[in-house]
Student: 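Questions regarding the structure given below will be posed in turn.
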Amino acid sequence: MSTRAQQALSGEHSSWPRTIPFSRPDISEEEIAAVVNTLRSGWLSIGPETQAFEAEFAGLVSARHAIGVSSATAGLHLGLNALGVGAGDEVLVPTFTFASTGATVVHAGAYPRLVDCDPEHLNIDLSDAARKCTRCTKVVVPVHFAGHPCPMDEVQGMAAERELAIVEDAAHALPAKYHGRSIGSLSPITVFSFYATKNITTGEGGMVTTDDAVLAERVRGRRLHGMTREAWRRYSGGPWRYDISYPGFKYNMTDIAAALGRVQLKRLPVLQARREALVGRYQSALADLEEIELPVSDPGIQHAWHLYVVRLQLERLRISRDEVIRCLNDAGIGTSVHFVPLHQHSYYRDVLGYRDEQFPHATAAAERIISLPLYSRMEPADVDYVAETLRAILRYNRR
Ligand SMILES: *Cc1c(COP(=O)(O)O)cnc(C)c1O
């Protein structure tokens, strides 16, 4: 442990040696049994488990169609592809997001037009999005940062006015609601992630939802080579002949992943209640700390609380965000930063020419944010330890 962290912790809590990872999947014996059953079933690739998972997922988010894919990244690529996005098109992408949101636009052959964030929730700034629309803009990709829904009425208003399609990056937003409606039921395409750190996991995996039968058919076909008949139907006694109507991708979910996902989905209400309780505990434990700004939740929305992101008031501190993270790490606490905005990565800076000045809100937020540990298996005492450690670090390093 560094001297600074030691000094900061030399109060009443120095007797708390804990190791708290940033994230940890919540896998019970039930998930393990479901995966083992699938392994024993003789069918590992896409098949009946995926189909059942899709039906259950569609029911949960009130979408007509849900299509299981190998990742949210694959889902975003498929969604853009199904909408016909290609060379010469532009797609509005918030800079405050993960690599996939931008990369999949490039994969589709289009140009990622980066957009600043709103300073409150770090979601897409719609006035900046409107400014950046051109004749070539075809799609807007709102990302529900940390699980707080974007203002979808306004997103839909802007999209309607400018004839844009909407592809929601809902990797953080299961189960989130906007004005009583589930994320996953609002836009032509919504994409969820089941990566290991997400609110539910299939190891790797994702889901695309839509109410549009034509888009659903395209995403469904193109996730598996663009073939007209999926293998599990051909191999189980159906006709052997198939046609390739489109040079599709290999982006399907597997039944091993789906078996895991079905149990996770069933447990989601319990997992989510724990997340909410832990967030409540953080919020009250940190409420009086003037050196940080806590996340806020708007009325009329249900927050998925995928991440718990605090912002440092650097004006009040003698140390940087990176040093605060080092002190937390020294005390056994794993953290993360969501995100280094896309425009600060070398591809976007050096190849596409984006600069900090074009994104004042995202640039200001980027050096202040820390994602604290939040996962359903976390104990309330872990939250207390993180909160007290953070308090000690910040108090000791006050300006
Ligand atoms: C995790 C994440 C993704 C990618 O999810 P994968 O399932 O790992 O491909 C996309 N967008 C955001 C905002 C994410 O956090």
Side-chain angles (χ1 to χ4, degrees), residues 30-31 34-35 37-39 41 43-83 167-171 173-176 181-195 198-236 238 242 246 248-269 271-272 304:
E30 203 181 339
E31 279 90 340
V35 169
N37 280 341
T38 304
L39 294 175
S41 75
W43 196 268
L44 307 183
S45 182
I46 188 167
E49 285 292 325
T50 304
Q51 200 179 31
F53 186 33
E54 290 172 344
E56 289 155 7
F57 195 93
L60 182 84
V61 303
S62 308
R64 284 214 191 97
H65 310 274
I67 300 120
V69 289
S70 53
S71 67
T73 308
L76 289 165
H77 188 195
L78 280 169
L80 294 169
N81 178 277
L83 287 163
V167 173
E168 289 176 58
D169 180 339
L174 180 72
R181 288 139 72 214
S182 293
I183 298 299
S185 67
L186 304 175
S187 295
I189 297 274
T190 304
V191 183
F192 295 89
S193 173
F194 309 132
Y195 179 67
K198 298 287 161 46
N199 290 30
I200 68 168
T201 185
T202 60
E204 298 279 2
M207 194 70 80
V208 178
T209 62
T210 180
D211 280 347
D212 183 317
V214 173
L215 287 177
E217 199 48 41
R218 277 187 206 153
V219 170
R220 201 176 290 285
R222 292 173 190 192
R223 76 175 155 178
L224 198 62
H225 309 300
M227 293 186 333
T228 49
R229 219 184 303 273
E230 292 178 342
W232 70 287
R233 297 193 192 282
R234 283 184 284 120
Y235 294 163
S236 49
Y242 62 86
Y246 183 89
F249 306 94
K250 185 62 167 69
Y251 280 168
N252 60 282
M253 180 169 270
T254 70
D255 264 20
I256 304 171
L260 177 46
R262 290 182 70 192
V263 181
Q264 289 264 294
L265 196 65
K266 196 179 74 178
R267 292 178 60 222
L268 180 61
L271 303 182
Q272 206 55 27

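This is a predicted model, so every value here is computed, not measured. Reckoned from all heavy atoms, side chains included, excluding hydrogens, waters and symmetry mates.
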Student: Decide yes or no on side-chain contact (heavy atoms from CB on, under 4.5 Å) for W43 and T38, but give the supporting numbers first.
Tutor: CA-CA 7 Å; W43 196 268; T38 304; over 6 Å; no
Student: For E204 and F194, run side-chain contact (heavy atoms from CB on, under 4.5 Å): C-alpha distance rounded to whole Å, both residues' side-chain angles, the deciding distance at 0.1 Å, then the answer.
Tutor: CA-CA 6 Å; E204 298 279 2; F194 309 132; over 6 Å; no
Student: ring-ring contact (aromatic ring centres under 6.0 Å, His included) between F249 and H77: does it pass, once the steps are laid out?
Tutor: CA-CA 10 Å; F249 306 94; H77 188 195; 4.7 Å; yes
Student: Quick one, P188 and L215 - any side-chain contact, counting heavy atoms below 4.5 Å?
Tutor: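 In short, these two side chains touch, coming nearer than 4.5 Å.
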Student: Considering residues, nucleotides and ligands other than Y246, do more than 12 of their heavy atoms fall under 6.0 Å from its OH?
Tutor: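 More than 12 heavy atoms, drawn from other residues, nucleotides or ligands, come within 6.0 Å of this atom.
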Student: Is a side-chain donor or acceptor of D211 paired with a backbone partner of R64 at a separation under 3.5 angstrom?
Tutor: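 Yes; at least one donor-acceptor contact below 3.5 Å.
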Student: Between Q264 and I200, is there a donor-acceptor pair closer than 3.5 Å when you use the side chain of the first and the backbone of the second?
Tutor: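 Looks like no, no N/O pair under 3.5 Å.
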Student: Kindly say whether A258 contributes a backbone atom to a donor-acceptor pair with the side chain of T202 at under 3.5 angstrom?
Tutor: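 No; judged by distance alone, with no hydrogens or angles, the pair does not exist.
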Student: Using the side chain to side chain contact (heavy atoms under 4.5 Å, CB included) definition, which of the options N199, L174, D169 pairs with F192?
Tutor: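 Only one option passes, and that is L174.
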Student: Could you check whether any side-chain heavy atom of H65 comes within less than 4.5 Å of a side-chain heavy atom of T209, counting everything from C-beta outward?
Tutor: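 They are not in contact (no side-chain heavy atoms under 4.5 Å apart), so the answer is no.
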Student: Is a side-chain donor-acceptor pair under 3.5 Å present for S187 with E168?
Tutor: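 There is such a pair between these side chains.
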Student: Considering non-hydrogen atoms only, spot the tightest contact between T210 and A216 and give its length.
Tutor: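 Here T210 and A216 meet closest at CG2-CB, 3.7 Å.
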Student: Between V263 and L260, does a side-chain contact (heavy atoms from CB on, under 4.5 Å) hold up when you go through it step by step?
Tutor: CA-CA 6 Å; V263 181; L260 177 46; over 6 Å; no
Student: Distance alone, cut at 3.5 Å: any donor-acceptor contact between the side chains of D255 and T50?
Tutor: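 Yes, because at least one side-chain N or O of D255 sits under 3.5 Å from a partner of the opposite role on T50.
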Student: Side chains of T190 and V208: closer than 4.5 Å at any heavy-atom pair?
Tutor: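 Not touching, per the 4.5 Å side-chain cut-off.
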